[in-house]
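Worksheet: the structure to be examined is printed underneath.
Order of appearance sets the numbers: ligands from 1, and atoms from 1 within every ligand. Residue numbers count from 1 along this sequence.
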Amino acid sequence: MKSVAGLAALVAAMSGATDAFWRMECHSRTGLARMDPLVEPDEIANHGHVIHGGSNFGMKTTYDGLISSDCTSCRVKQDKSAYWTPALNFIHENGTTVVVPQVGGMLAYYLLYGEDIKAFPAGFQMLAGDTRLRNFSGTVPDPPKSLWGKEDKTQYALGQKAIGFNCLNYKKDPEASMYRHFMPDKAYLDANCDDGIRAEIFFPSCWNGEDLDSKDHRSHLAYPDLVNDGVCPEGFKTRVPSLFFETIWNTAAFKGVPGQFVWANGDPSGYGYHGDFITGWDVDFLQEAVKTCTNPSGNIADCPIFDLQTEAEGAKCKFKMPDILKNDNCAGPADGLCGNVPVQNGPGYASLLEPGKSGKPTGGYTPPATTGAAATTSPIPQVPTLSYKAPVSAITDQYGGGISVANVNGKQSQAPEVNAAGTPSSAPAAPAPKPAVTSAPAVLEQPQGRVVSTSTYASAGTVYEVAFVEVDITVTAEATPAARHRRHFHHIHRRDREHGLLGRY
Ligand SMILES: *[C@@H]1O[C@H](CO)[C@@H](O)[C@H](O)[C@H]1NC(C)=O
Ligand SMILES: *[C@@H]1O[C@H](CO)[C@@H](O)[C@H](O)[C@H]1NC(C)=O
């Protein structure tokens, strides 16, 4: 007779949680181009974006056009929304620039924070982040949320805290989402982030209830006072789904190669990272999804009203490249960033870039100094690098990725948090955060073992990571006088596509 111990399930950690969200998987991009129908409609955008979602994306995309897209690059056929962010580029020492490979496209989380959530109305669009920003005005790292003061809760400060660059190393304890608000430098990435960097941006979810857009594409919305959860300010009491984008970039592919990572908007700091969204949902359908897709797994397959397509089907969905951009080369190799965007380090506000006038870079690009004296004269402000210790979070992101969804829809507005020392907060004033794990049903079956090694393999274009977890198995055999312990290895197939969430084993 055998009794197996050690397969500790994490169901306990989830019980009582009223988490509700779904994770929209957009494994492929519809394209990479200098287009931004929100900020620079009907013009060549000044910088390049990676674009996901509905196929009718173009220089002057509108809701009506988007919703009649033939296809989407995301998994749910009913979602024709457009999701886009700047592309990450690598600039070699000699100025030759290439786009960094994305791992698994992007994920758009729909998190159902707050009560009485209204579906995005027809024509709704918004922008999160500020492309010209190059500095951070708060304390680094963030104080625990329970200690946030007035200065942390201004819309300006919340917008800055809504950005994260998560250093991925699946062999180490994962970092919390939105922990580091700047892009680590090349030396830090090389030394620590073996699995790349996960760019994150949280959108505001408090709406003024009236405007589908606004002049700056931001001010019709506001952040609740804890970025994701919390209280909506006066005048912004209508809750819409909380959108959160995650995109993994394989910075590790450039390990040891001299050069610099720069976002397509000329930003090496990450403070100017931003995300754009135009809804492409039927309003009633999205409202129904808000009501019914409340499985705490976050798995879109658990939502019965969604029609899913395969990754391969999604990968076929591309937007039509406008003729005027046909000679543009945002993927590289090229001489500098597409649109000939200059690298602007800050710390001041970056200068305004005009919409691109031609489809081609105009040349004359001077590569940024990445070594030597010149490099140290233009440091990114407030960016501790190699000394900036990755946090160990026992609460959030335990299994390598994803946002913590603790207390979504719950009464308690205290999100799990990580304090300055990188350990889960034990600040006296802070109520103990409820335990929470990040999504994926498989997490619930996760044995509590130690990951002893990992390896990767690719199948059908998807990169899987196999984690070997060591757990203790107690074997009680009748012929054996005493129970003995035996080492046992579980193979856990972790899909990078799911951004590090441990999958089935
Ligand atoms: C610049 O350096 C990279 C990396 O060594 C190389 O691939 C590229 O061809 C070089 N570009 C030019 C124009 O020499
Ligand atoms: C940070 O950027 C803002 C513009 O958003 C600017 O007003 C401020 O002076 C900058 N701070 C520093 C320290 O340069």
Is the closest basic N to carboxylate O distance between E175 and R180 below 4.0 Å?
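Yes.
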Please determine whether a side-chain nitrogen of the Lys or Arg among K255 and D194 lies less than 4.0 Å from a carboxylate oxygen of the Asp or Glu.
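Salt bridge present between K255 and D194.
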For the 3.5 Å polar cut-off, considering only N or O atoms, please tell me whether T96 and ligand 1 meet it.
yes
Output yes when a protein non-hydrogen atom is found under 4.0 Å of atom 14 (O) of ligand 1, and no otherwise.
yes
Is the shortest distance from atom 7 (O) of ligand 1 to a protein heavy atom below 4.0 Å?
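It does not: no protein heavy atom is found less than 4.0 Å away from atom 7 (O) of ligand 1.
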K161: partners by salt bridge (charged side-chain N to carboxylate O under 4.0 Å, His left out), with sequence neighbours left out
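Counting only residues at least two positions away or on another chain, K161 forms a salt bridge (charged side-chain N to carboxylate O under 4.0 Å, His left out) with D142, D152.
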Return the closest protein heavy atom for atom 5 (O) of ligand 1 as residue, atom name and distance.
H92 ND1, 4.6 Å
Which residue and atom name correspond to the protein heavy atom nearest atom 12 (C) of ligand 1, and how close is it?
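So the nearest neighbour among protein heavy atoms is N94 ND2, 3.4 Å.
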Parallel, tilted or perpendicular, judged at 30° and 60°: which one describes the rings of Y83 and F277?
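Tilted, since the angle between the ring planes falls between 30° and 60°.
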For the residue pair W263 and F165, does the interplanar ring angle fall in the parallel (under 30°), tilted (30 to 60°) or perpendicular (over 60°) class?
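Judged by the thresholds at 30° and 60°, the geometry between W263 and F165 is tilted.
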